[in-house]
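Chain A is the first sequence line, chain B the second, and so forth, proteins listed ahead of strands; every chain is numbered from 1. The basis for the numbers below is simple: all heavy atoms, side chains too, and nothing from hydrogens, waters or symmetry mates.
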There are 2 protein chains.
Amino acid sequence: MEEGTSNSPSYCCRTEDDYGVLQWDTREDCEVRQILDRIADKWSLLVIALLDRHTMRFTQLRREIDGISQRMLTTTLRQLERDGLVRRTVHPVVPPRVDYALTPLGGSLHKTIQALVDWTEEHQSEIAAARTRYDHEAREKIN
Amino acid sequence: MEEGTSNSPSYCCRTEDDYGVLQWDTREDCEVRQILDRIADKWSLLVIALLDRHTMRFTQLRREIDGISQRMLTTTLRQLERDGLVRRTVHPVVPPRVDYALTPLGGSLHKTIQALVDWTEEHQSEIAAARTRYDHEAREKIN
DNA sequence: CTGTATCCATAGAGATACTG
DNA sequence: CAGTATCTCTATGGATACAG
């Protein structure tokens, strides 16, 4: 996790590119890059998308997210909790009951994530068509 | 790339969850899931974010995206091209010149991606604070 | 310049078993 | 139920060399 290259947390500063357009920083040690890498994660994205509105229990999330392993769900939830996006509530009962919910910060992120999901749903057929076209043309070039 | 498990392209259909809330499909073979996995990719996201407005050449992208290898840039661009998000233009000159630009479809995706980047920039300090808090509390529990 | 083609290391992720 | 703790394995991705 620690690269050891830079000591200070490098804040992202927008700079001008060759075209004079205000461009966001893409340096690897840039904090925004690191956060994006975390958010733009297969499982994180699904968890945040699912946690909209209602709280959910561990097993419930596990059931809903087809294909996730117990380990990855635990890891993902811990990261999201650490980033302040998800709140974990342990109820001292037997058997244990743990609830997960979005924090206000997580809720605000949910909006943009949902927009991404919506975009995907809206354009899935276009993408599927593009893929078919591409694969078809690729075959033709071989023959 | 080919899973071989299902033959027909399974379209995502929204279903109702336990709460009666309209929930999007999270099945692993769901097409939306697959597209999201592709888009919510470290490098894809950066490429789309950078290709806003102006076209860019291969080396130019390579320079801007700190840390990307030649192989990953090629792979990422091919996937984006296949998905119809990026247009690749080869100029028949020596030395070769190849331009990359967003398609209209890619342009529409860029908007939501940019929203994600903007969100990250706006809230990076909150996330950083949350991490510090979390790590601090974790240390206390050990002692 | 813009790529392929290989080889190889490693982090991500699955499977399994065990615990409070 | 909601996790840890291991072990293992594979896919991802870096490094390098070569080519049109």
Side-chain angles (χ1 to χ4, degrees), chain A residues 1-5 18 28-29 33-34 37-47 50-51 55-82 86-101 138 141-142, chain B residues 1-5 18 28-29 33-34 37-47 50-51 55-82 86-101 138 141-142:
Chain A
M1 196 124 297
E2 320 223 321
E3 288 296 323
T5 49
D18 305 345
E28 209 166 359
D29 63 343
R33 271 278 298 265
Q34 286 170 13
D37 288 355
R38 177 66 48 85
I39 293 169
D41 167 72
K42 188 178 177 175
W43 302 126
S44 298
L45 215 131
L46 291 173
V47 167
L50 276 174
L51 278 183
T55 69
M56 292 180 82
R57 299 180 58 179
F58 187 86
T59 309
Q60 199 177 357
L61 279 165
R62 188 153 158 51
R63 261 204 318 272
E64 296 269 4
I65 304 176
D66 184 39
I68 197 171
S69 68
Q70 195 175 38
R71 200 172 85 85
M72 288 318 296
L73 181 53
T74 302
T75 305
T76 303
L77 286 170
R78 286 293 175 284
Q79 289 175 343
L80 293 177
E81 189 194 358
R82 177 169 182 263
V86 162
R87 174 170 33 246
R88 178 170 176 269
T89 312
V90 184
H91 302 277
V93 294
V94 179
R97 177 193 175 91
V98 181
D99 282 334
Y100 292 93
K141 278 177 188 167
I142 294 174
Chain B
M1 198 123 299
E2 321 222 319
E3 288 295 324
T5 49
D18 305 347
E28 210 166 357
D29 64 343
R33 270 276 299 265
Q34 287 171 12
D37 288 355
R38 176 67 47 86
I39 293 170
D41 168 73
K42 189 178 177 175
W43 302 126
S44 298
L45 215 130
L46 290 173
V47 167
L50 275 173
L51 277 183
T55 69
M56 293 179 81
R57 301 180 58 179
F58 187 87
T59 309
Q60 199 176 358
L61 280 165
R62 187 152 157 54
R63 260 203 319 271
E64 297 269 4
I65 304 175
D66 184 39
I68 197 170
S69 67
Q70 195 175 37
R71 199 171 85 84
M72 288 318 296
L73 181 54
T74 303
T75 305
T76 303
L77 286 169
R78 285 294 174 283
Q79 289 175 342
L80 293 176
E81 189 194 359
R82 178 169 181 262
V86 161
R87 175 172 29 249
R88 177 169 178 269
T89 312
V90 183
H91 301 278
V93 295
V94 178
R97 177 193 175 92
V98 181
D99 283 335
Y100 292 94
K141 278 176 187 166
I142 294 174

**Report entry** Nucleotide dT4(C), atom C1' - distance to CG of Leu77(B) in whole Å
**Finding:** 15 Å
Query - Phosphate OP1/OP2 of dA2(D): any Thr59(A) side-chain N/O under 4.0 Å - result: yes
Query raised in the report: Is it true that a side-chain atom of Arg38(B) and a backbone atom of Ser44(B) form a donor plus acceptor pair closer than 3.5 Å?
Result: no
Query raised in the report: Do any N or O atoms from the side chain of Arg63(B) and from the backbone of Phe58(B) form a donor-acceptor pair under 3.5 angstrom?
Result: no
**Report entry** With sequence neighbours excluded, residues passing side chain to side chain donor-acceptor pair (under 3.5 Å) with Asp99(A)
**Finding:** His91(A)
Report task. Considering just the side-chain nitrogens and oxygens of Tyr100(B), establish if one lies under 4.0 Å of OP1 or OP2 belonging to dG3(C). Result -> yes
Tabulate atom names and distances for all N/O pairs under 3.5 angstrom spanning the protein and nucleotides 15-20 of chain D.
none

Query raised in the report: Quick one: Gln79(B) CD to dT12(D) P, roughly how many Å, whole number?
Result: 9 Å
Query raised in the report: Touch check for Arg62(B), heavy atoms < 4.0 angstrom, all strands: base, sugar-phosphate only, or nothing?
Result: nothing
**Report entry** Rounded distance (Å) that lies between atom P of dA11(C) and atom CE of Met72(A)
**Finding:** 14 Å
Query - Nearest-Å distance for atom pair CD/P, residues Gln60(B) and dG3(C) - result: 13 Å
Query - Side-chain touch Val47(A)/Leu77(A), heavy atoms, less than 4.5 angstrom - result: yes
Report task. Verify side-chain contact (heavy atoms from CB on, under 4.5 Å) between Leu45(B) and Asp37(A), making sure each step is shown before the conclusion. Result -> CA-CA 9 Å; Leu45(B) 215 130; Asp37(A) 288 355; over 6 Å; no
Query raised in the report: Any side-chain N or O of Arg88(A) under 4.0 Å from OP1/OP2 of dG3(D)?
Result: yes
Requested in this report: Starting at atom CG of Asp41(B), determine the distance to atom P of dG12(C), rounded to an integer number of angstrom.
Outcome: 14 Å
Report task. Using atom CD1 of Ile68(A) as one end and atom P of dA2(D) as the other, report the distance to the nearest whole Å. Result -> 14 Å
Query raised in the report: Between dG12(C) atom P and Asp37(A) atom CG, what is the distance in whole Å?
Result: 11 Å
Query raised in the report: Of all heavy-atom pairs between Arg62(A) and Gln70(A), which one has the smallest distance, and what is that distance?
Result: NH1-N, 3.5 Å
Report task. Taking only the side-chain heavy atoms of Phe58(B) (C-beta and beyond), determine which of dG3(C), dG14(C), dT4(D) contains the nearest atom. Result -> dG3(C)
Report task. Examine distances only and state if a side-chain atom of Glu81(A) and a backbone atom of Arg78(A) form a donor-acceptor pair shorter than 3.5 Å. Result -> no
Requested in this report: Establish, with yes or no, whether the OP1 or OP2 oxygen of dA2(D) is under 4.0 angstrom from a side-chain nitrogen or oxygen of Arg57(A).
Outcome: yes
Query raised in the report: Atom CG of Leu73(B) and atom P of dT4(C): how far apart are they, to the nearest Å?
Result: 11 Å
Query - Short side-chain N/O contact from Thr75(A) to OP1 or OP2 of dG12(C), under 4.0 Å - result: no
